[in-house]
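Take a look at the structure below.
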Amino acid sequence: MKFIVENSDSDSKARAGRLFTDHGEIETPIFMPVGTQGTVKAVNQTQLKKDIDAPIILGNTYHLYLRPGTDILEQAGGLHKFINWDRAILTDSGGYQVFSLSELRKLKHDGVEFTSHLDGSKHFFTPEKVINIQRSIGSDIMMVLDECTPYPCEYDYAKKSKELTSRWAALNKEAFVNSKPLYGHDQFQFGIIQGSVYKDLREQSAKELVELDLDGYAIGGLAVGEPAEDMYDITGFTTEFMPLDKPRYLMGVGRPENILESIERGVDMFDCVMPTRNARNAYLFTSQGVLTVKNSRYKNDFTPVDKECDCFTCKNYSKAYLRHLYNAKELLYFELATIHNLRFYLNLVREARKNIIFGNFKEWKTNIIQKISNKIVQED
RNA sequence: GGGCAGGCGCCAAAGUAGGAGAGUUGGGGCGGACUGUAAAUCCGUUGGCUAAGCCUUAGGGGGUUCGAUUCCCUCCCUGCCCA
């Protein structure tokens with residue numbers, strides 16, 4: 001995989017890079033909208049391109065495997081064709097479902113057994129199987145199977161889990177080498193560094209994965225309930241052991257301020273359900289702070305969600321209208337709110353990139369975080 | 001005009017063969033949470049006050065009773081049926 005670091009910030013580890021895939025270039029730092037089931041909830045692919053301008057989105061191996069299933073995906077010619085998306089796709093392996101569906105799975109030495117949340121059927125995921133499914137999906141970036149540990153996590157468990165993840169990663173690599181893309185475009189594979197909040201485990205995990213010479217490396221198992229300071233600390237510590245010339249992906253993160261702090265610590269890629277899920281739950285991000293648009297104080301506020309925002313929603317509609325749509329349970333609400341939040345996230349990382357290139361990332365970051373992380377209480 | 005069935009908190013209802021209590025369930029309102037999505041979900045709250053207590057409340061008024069949302073009388077209102 002070709003990845004070039006174009007510019008590094010002088011007084012932090014922040015970098016501006018460019019990632020090349022057969023489905024387009026991705027300027028980093030980047031935020032990748034989550035589209036678990038082959039759709040970023042509430043918005044369509046044209047909106048993702050035109051209104052949000054996302055160069056890459058996520059899909060999920062576990063969910064797509066259960067439904068529609070690999071046979072349908074293969075008949076469709078892969079996920080890109082199936083969902084009519086010609087930009088990049090990264091698929092998570094199902095490792096997060098090991099965590100989030102913990103009551104429905106059993107961890108084994110060689111894989112994980114899931115009880116489908118859809119119909120109760122049993123399925124067994126191994127590193128090899130996860131690669132094969134992702135071959136059927138045809139994602140540009142495939143993630144290795146891992147265990148995303150919960151928080152808090154005992155040291156001994158974190159150690160065992162990290163060992164499991166490293167062992168699986170080697171098997172992933174083997175399956176990767178022994179298989180081929182199905183649809184004529186290249187696919188790459190990222191490893192996932194685990195180790196909970198324990199630095200020695202993080203270091204070992206990073207080294208073990210780097211040894212496998214994968215196309216990129218992710219930091220997993222963070223943003224699962226630990227204090228933000230721990231997340232920053234572990235992130236900054238872990239990137240020290242990640243190759244400079246490969247993309248670094250912090251999985252599942254996060255709030256806008258989390259992303260900026262992690263960019264400072266050397267991370268290039270992010271994903272999170274927060275902008276999409278929170279949009280659906282009336283929580284909107286703006287340049288002046290966060291707001292809950294369902295609150296009664298907005299019932300006659302006919303100004304845009306964010307005066308400084310250039311998104312379709314802010315250019316055309318008011319907070320009062322969004323609040324009305326939300327309260328009336330109108331479907332247009334989800335679309336407008338999701339467009340706004342995703343545009344905000346993508347604009348934020350684009351701005352971060354500019355400021356890294358300008359060389360004043362840290363100063364910009366400090367100022368912007370102060371503005372965007374407060375809760376708007378007064379009318380602005 | 002007559003008969004029958006009803007009127008319970010913002011709304012719609014449940015319940016009470018008289019007995020704990022501003023009191024059940026939905027909805028609505030209000031507030032909060034959400035971090036590699038089992039999430040258009042979940043949680044809290046929703047009479048008043050001089051608030052670990054007190055006051056006022058089940059269509060209005062009156063009665064029986066130690067005690068009434070529940071029983072009786074009367075008036076008002078709603079729905080259905082008959083003239």
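Just so it is clear: chains get the letters A, B, ... in the order the sequence lines come, proteins before strands, and each one is counted from 1.
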Looking for any heavy atom pair under 4.0 Å, which part of the strands does [X] touch: base, sugar-phosphate only, or nothing?
X	answer
A:L250	nothing
A:Q194	base
A:S296	sugar-phosphate

So, is [X] near the phosphate of [N], with a side-chain N or O under 4.0 Å from OP1 or OP2?
X	N	answer
A:R323	B:rC30	yes
A:N60	B:rU37	yes
A:K299	B:rG29	no
A:Q97	B:rG36	no
A:N295	B:rG31	yes

Nearest-angstrom distance, [atom1] atom, [N] to [M]:
N	M	atom1	answer
B:rC10	B:rG1	P	33 Å
B:rG19	B:rG28	P	33 Å
B:rG53	B:rG63	P	32 Å
B:rC71	B:rC8	P	15 Å
B:rA17	B:rA38	P	48 Å
B:rC80	B:rG31	C1'	44 Å
B:rU16	B:rU25	C1'	15 Å
B:rA5	B:rU56	C1'	31 Å

Pairing check on [N]: which nucleotide meets the Watson-Crick or G-U wobble criteria with it, both distances under 3.5 Å?
N	value
B:rU45	B:rG29
B:rG6	B:rC77
B:rG1	B:rC82

Interatomic distance where [atom1] belongs to [X] and [atom2] belongs to [N] [whole Å]:
X	N	atom1	atom2	answer
A:Q37	B:rA38	CD	P	9 Å
A:N258	B:rG36	CG	P	11 Å
A:H324	B:rG28	NE2	P	15 Å
A:Y62	B:rU37	OH	P	12 Å

With a 3.5 Å cut-off and just heavy-atom distances, do the side chain of [X] and the base of [N] make a donor-acceptor pair?
X	N	answer
A:S100	B:rU37	no
A:K294	B:rG32	yes
A:R277	B:rU37	yes

Requested in this report: Show your working on side-chain hydrogen bond (donor to acceptor under 3.5 Å, both in side chains) between A:E163 and A:Q204 and close with a plain yes or no.
Outcome: CA-CA 9 Å; A:E163 284 161 5; A:Q204 289 166 26; over 6 Å; no

Requested in this report: Examine A:K2 relative to A:F20 and say whether NZ or CZ is less than 6.0 Å from the centre of the six-membered ring and inside a 45° cone about the ring axis.
Outcome: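 Yes, a cation-pi geometry holds between A:K2 and A:F20.
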
Requested in this report: May I ask you to test the A:D140-A:I56 pair for a side-chain heavy-atom distance under 4.5 Å?
Outcome: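 Contact flag for A:D140/A:I56 side chains = no.
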
**Report entry** Passing option when A:S139 is tested against A:D92, A:T91, A:T61, A:T21 for side-chain hydrogen bond (donor to acceptor under 3.5 Å, both in side chains)
**Finding:**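 Checked A:D92, A:T91, A:T61, A:T21 against A:S139; only one passes side-chain hydrogen bond (donor to acceptor under 3.5 Å, both in side chains): A:T91.
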
Query raised in the report: Where the side chain of A:S196 meets the backbone of A:Y198, is there a donor-acceptor pair that is under 3.5 Å apart?
Result: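 Not at all, since once roles are kept as given, no pair shorter than 3.5 Å links the two residues.
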
Query - A:N341 versus A:N278, side-chain donor and acceptor atoms under 3.5 Å - result: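 Result is no, nothing qualifies.
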
